[in-house]
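See below for the structure under consideration.
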2 protein chains.
Amino acid sequence: MESAASKAYSHIRARIIDGTFPSGAFLVEQDLAGEIGVSRTPVRDALNRLETEGLVASEGNKRAMVRDFTEQEVEECFELRAQFESYAAAKAAKRIPVDDIEKLKVLAMQMEAVVKRGAPDASAQFSELNDQFHAIILEHGGSKRMRDLLTQLMQVQLVLMKRFRQTIETHLQRSCWHHRELIAAFEARDSAWAETQMRTHMLSAKNGGDLQYLQAAE
Amino acid sequence: MESAASKAYSHIRARIIDGTFPSGAFLVEQDLAGEIGVSRTPVRDALNRLETEGLVASEGNKRAMVRDFTEQEVEECFELRAQFESYAAAKAAKRIPVDDIEKLKVLAMQMEAVVKRGAPDASAQFSELNDQFHAIILEHGGSKRMRDLLTQLMQVQLVLMKRFRQTIETHLQRSCWHHRELIAAFEARDSAWAETQMRTHMLSAKNGGDLQYLQAAE
DNA sequence: ATTTGCAATACTGTATACAGAAATGGCTGA
DNA sequence: TCAGCCATTTCTGTATACAGTATTGCAAAT
């Protein structure tokens with residue numbers, strides 16, 4: 001059975017991500033407890049956890065509220081993730097077993113298919129596959145600790161995704177190319193290559209929006 | 001006034017770091033509550049926090065216990081820190097104001113003095129100054145989020161320090177040289193230099209123990 | 001002697017009660 | 001009209017009670 005605490009956690013988190021609780025909204029323990037159908041105690045636990053994950057801000061004895069992200073913070077988030085994942089990619093290049101490389105290939109192909117098909121929910125499908133792709137790499141390139149830290153960073157990005165709907169087709173296509181090259185680096189067992197390739201991949205995502213005009217110029 | 005929760009937190013954390021609660025020791029909420037003089041609720045909060053910080057492990061409805069670190073994990077910790085701090089150093093090189101560079105110089109000199117003096121508690125004094133040194137760099141090279149992540153990593157190292165008493169004089173001396181060079185990189189506003197220098201510094205710390213024999217060979 | 005099963009016990013997760021800190025809203029004096 | 005202040009209300013932090021789950025220790029069976 002699912003504990004009340006984790007129920008509260010996923011409920012609140014979902015509401016933040018889907019925008020029901022917008023930036024700056026107050027999160028009142030009693031209200032949430034009533035809404036979710038548990039007592040205040042597990043709600044408190046959930047809020048604490050969300051706070052360490054950076055989605056919620058609270059200080060002193062004041063009410064907790066949904067955090068607002070400054071542009072600078074968002075940038076940093078991407079940069080940090082680039083830093084982490086490129087490190088993980090470097091390690092993974094040495095350790096990832098061949099059948100997981102195969103899995104990566106399959107995922108990469110699926111993503112390419114999604115992009116080519118150009119369905120209306122392409123973005124969502126792509127994200128799903130993309131997460132799996134990165135998860136496999138992390139599995140071989142990082143410790144549990146590292147995965148946890150990364151999860152925290154990705155929380156923030158998740159929230160932003162919903163707001164900015166960064167789904168420019170160019171961006172997705174470019175990602176596909178990065179994936180292919182990353183896989184090549186893995187097959188070559190080349191840490192340095194994998195590392196810089198992953199860094200490119202992440203930093204390119206960070207600037208995803210900026211490059212729209214390039215598409216026109218091409 | 002200090003909240004009961006933070007009182008519990010620092011109490012337990014201190015006990016873990018100083019070894020009173022060794023690896024694998026059970027952390028029973030009621031006992032801790034009694035010992036600290038608060039109720040179970042704030043103790044729970046403290047344990048949760050310590051768990052996310054990685055010092056405490058707990059699963060299901062079982063008792064929490066002080067975490068044990070595998071060698072691999074420890075290595076990762078150092079490597080991750082190297083990764084992060086070198087990134088921070090690169091950024092800081094561009095942004096750190098000159099009077100903070102001065103502060104770094106003062107701290108570096110103080111550390112050198114400590115090493116030269118060779119007092120019995122040299123290690124503790126050095127650590128204190130060293131923390132300040134790194135804190136200043138982080139202040140200009142990283143976001144709050146990054147500082148938080150780093151703090152978590154350093155927790156683990158703190159615990160290990162107590163166990164292994166890694167205070168080889170050679171190591172301290174080498175650190176002093178690194179510091180000098182790092183400062184030089186800052187003054188030159190050279191990101192790349194600062195970055196690799198910091199990486200050297202951190203990775204050298206990671207292998208601190210191994211190099212003792214070099215001292216004899218010199 | 002060692003294992004298995006079953007109480008008795010200990011501990012956690014959750015709910016709830018209460019005290020004190022923060023927010024709210026209206027009232028007073030300009 | 002509006003700033004400042006007090007009373008009221010709301011909310012959090014902490015303590016405690018209760019239910020359910022893990023642990024432990026003992027006894028019986030092999």
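First the proteins, then the strands, lettered A, B, ... as listed; each starts at 1. Atoms considered below: every heavy atom in the structure, side chains included; atoms not considered: hydrogens, waters and symmetry mates.
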- Sequence neighbours left out, what pairs pass salt bridge (charged side-chain N to carboxylate O under 4.0 Å, His left out) with at least one residue falling in residues 87-97 of chain B? A:Glu79-B:Lys91
What is the distance, to the nearest angstrom, from the [atom1] atom on [X] to the [atom2] atom on [N]?
| X | N | atom1 | atom2 | result |
| --- | --- | --- | --- | --- |
| A:Glu29 | C:dA15 | CD | P | 13 Å |
| B:Glu51 | C:dT12 | CD | C1' | 13 Å |
| A:Asp45 | D:dT14 | CG | P | 13 Å |
| B:Leu27 | C:dA10 | CG | C1' | 16 Å |
| B:Arg44 | D:dG13 | CZ | C1' | 15 Å |
| B:Gln30 | C:dT12 | CD | C1' | 9 Å |

- Can you name the residues that form a salt bridge (charged side-chain N to carboxylate O under 4.0 Å, His left out) with A:Asp131, not counting sequence neighbours?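 Here no residue qualifies.
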- Message: So that I know where these two stand, are B:Phe21 and B:Phe26 an aromatic pair - ring centroids less than 6.0 Å apart?
- Response: no
Mind listing the N/O atom pairs, protein and nucleotides 5-7 of chain C, below 3.5 Å?
none

- Message: Students often mix this up, so state it plainly: with edges at 30° and 60°, are the rings of A:His201 and A:His178 parallel, tilted or perpendicular?
- Response: perpendicular
Could you list all N or O pairs between the protein and nucleotides 16-18 of chain D that sit under 3.5 Å apart?
{"unit_1": "D:dT16", "atom_1": "O4", "unit_2": "B:Thr41", "atom_2": "OG1", "d": "3.4"}

- Message: Closer than 3.5 angstrom, by distance alone: can the side chain of A:Arg189 be matched with the main-chain N or O of A:Ala93 as a donor-acceptor pair?
- Response: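 Flag set: sc A:Arg189 to bb A:Ala93 pair under 3.5 Å.
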- Item | Of residues 54-64 of chain B, the positions that come close to DNA chain D - non-hydrogen atoms, cut-off under 4.0 Å | B:Asn61, B:Lys62, B:Arg63
- Apply side chain to side chain donor-acceptor pair (under 3.5 Å) to B:Gln110 and list each qualifying residue two or more places apart in sequence or on a separate chain.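 Residues passing side chain to side chain donor-acceptor pair (under 3.5 Å) with B:Gln110: none at all.
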